[in-house]
Amino acid sequence: MPRILMEVINKLVTLKAHMDGSPQESDFVIKTETLSLSAVLESKDVLVKNIYVSIDPYQINRMKSLCSSQTASGSSYAAGIAPGQAIDTHGVGRVVVSGNPDFKKDDLVVGRIGWGEYSIVKEGANLDKLNPLGFPYSYHVGILGVSGFTAYAGFYEICQPKKGERVFVSAAAGSVGNIVGQYAKLFGCYVVGCAGSQEKVDLLKNKLGFDDAFNYKEETDLKAAVAKYFPDGVDIYFDNVGGEMLEAAVANMNQFGRVAVCGVIAEYTEKGKRAAPDMIDIVYKRITIRGFLAGDYMSQFPEFISATSDHLKTGRMHSIEDISQGLESIPSAFAGLFRGDNVGKKIVQIADE
């Protein structure tokens with residue numbers, strides 16, 4: 001009789017120790033564990049073979065020994081990660097075995113999985129069956145996943161755009177920024193982005209349709225640079241960076257300008273550097289600065305999927321992905337985010353589709 005497999009060997013990426021400063025590949029270790037299939041079947045858990053996993057800068061705040069984000073949001077997505085612990089993220093996979101009646105073997109799923117070859121997803125965790133809608137599975141990690149929805153909710157709900165307004169996007173070639181710029185152009189706004197290389201600047205202008213873009217690394221005076229690209233002022237600033245870029249944007253904002261604070265990557269690894277916009281500008285220009293989390297707007301997710309799918313099918317939007325291969329590439333992929341290595345959404349493919 002054929003032998004029935006009752007366990008799998010799982011390789012996963014974990015922390016060696018809590019992080020302090022910019023991440024290095026040496027901060028991670030790949031460990032091995034044995035997962036029992038019978039234990040999954042006897043519970044209401046689901047064992048998923050991971051296919052694509054998301055690599056996101058905010059995760060560094062979970063890897064620190066202490067960070068206010070770990071308790072401020074009330075979201076388990078921001079909870080601290082201990083050394084040796086599995087690192088959870090958004091991703092796409094396929095069910096291997098299931099004790100949960102909502103899932104069966106070979107179901108394609110999307111949701112909360114981990115930086116490993118396999119993930120055990122507990123009952124009640126964020127996991128859904130996935131209809132690819134005719135798109136590559138990786139799209140559901142990026143432009144049709146959390147990154148895309150963050151851009152959608154941030155631009156439409158937080159920024160409250162009006163046609164013809166002037167929109168500035170930082171980290172505009174990153175996973176969220178490139179999508180914000182595309183939404184803004186489709187809405188009828190004037191859009192300028194900043195990025196960290198000429199390659200990224202060219203992508204923004206030539207492929208994604210930004211009205212203009214600049215390499216912030218070549219600018220010695222960011223306030224003057226923003227003024228040059230926005231002679232009539234900034235109405236909306238979508239902030240992925242914080243720090244001096246936020247100061248420059250606020251200095252050039254028009255009355256009743258809006259700032260959507262999505263991320264502050266400039267401050268994640270530098271303890272002494274904090275954004276310090278001119279508060280007199282905030283008061284007298286009546287500027288609104290608001291942080292947000294995409295999870296606050298989940299009721300709009302179906303609308304987001306419908307609209308964005310249509311834009312992709314008609315070629316009005318483009319998915320920009322940066323995909324590395326293999327579990328072992330996760331540490332370098334994560335560290336690379338903080339060097340600006342990625343173009344578009346950083347994803348690691350762990351297994352074949």
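Heavy atoms only: backbone and side chains are in, while hydrogens, waters and symmetry mates are out. One is the number of the first residue; the rest follow in order along the sequence.
Tyr237 pairs in a side-chain contact (heavy atoms from CB on, under 4.5 Å) with only one of the listed residues (Val226, Val250, Val261, Leu246), which is Leu246. Partner of Tyr118 under the side-chain contact (heavy atoms from CB on, under 4.5 Å) criterion, chosen from Val48, Ile350, Val96: Val96.
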Check: What do the steps show when you test Phe28 against Met63 for side-chain contact (heavy atoms from CB on, under 4.5 Å), and what is the final call?
Finding: CA-CA 11 Å; Phe28 298 94; Met63 298 173 183; 4.0 Å; yes
Next item on the list: Show your reasoning for whether side-chain contact (heavy atoms from CB on, under 4.5 Å) applies to Phe230 and Met253.
Entry: CA-CA 9 Å; Phe230 290 93; Met253 292 204 86; over 6 Å; no
Check: Should Ile30 and Thr32 be marked as a side-chain contact (heavy atoms from CB on, under 4.5 Å) after you check the CA-CA gap, both sets of side-chain angles, and the distance that decides it?
Finding: CA-CA 7 Å; Ile30 295 176; Thr32 301; 5.7 Å; no
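Annotation: Tyr152 is in aromatic contact with Phe304 [ring centroid separation under 6.0 Å]. The aromatic ring centroids of Phe334 and Phe338 lie less than 6.0 Å from each other. Two rings, from Phe155 and Phe238, have their centers 6.0 Å or more apart.
By the 4.0 Å N-to-carboxylate-O rule, Asp107 lies close enough to Lys104 to be salt-bridged with it. The pair Lys185-Asp211 counts as a salt bridge, with a side-chain nitrogen and a carboxylate oxygen less than 4.0 angstrom apart. With salt bridges taken as basic N to acidic carboxylate O contacts below 4.0 Å, none links Lys16 and Asp27. A salt bridge does not link Asp221 with Lys228: none of the charged nitrogens is closer than 4.0 Å to a carboxylate oxygen. With respect to Lys345 and Asp56, a salt bridge is recorded, a charged nitrogen being found less than 4.0 Å from a carboxylate O.
By the 4.5 Å heavy-atom criterion applied to side chains, Phe135 and Leu144 are counted as neighbours. Using a 4.5 Å heavy-atom cutoff, the side chains of Gln70 and Asn61 are not in contact. You'll find the side chain of Ser54 stays beyond 4.5 Å of the side chain of Val146, heavy atoms only.
For Glu33, the side-chain hydrogen bond (donor to acceptor under 3.5 Å, both in side chains) criterion is met by Asn10, not counting sequence neighbours.
Heavy-atom contacts from other residues, nucleotides or ligands closer than 6.0 Å to CD of Glu353 number more than 12. Around the CD1 atom of Ile280, the shell of radius 6.0 Å holds no more than 12 heavy atoms that belong to other residues, nucleotides or ligands.
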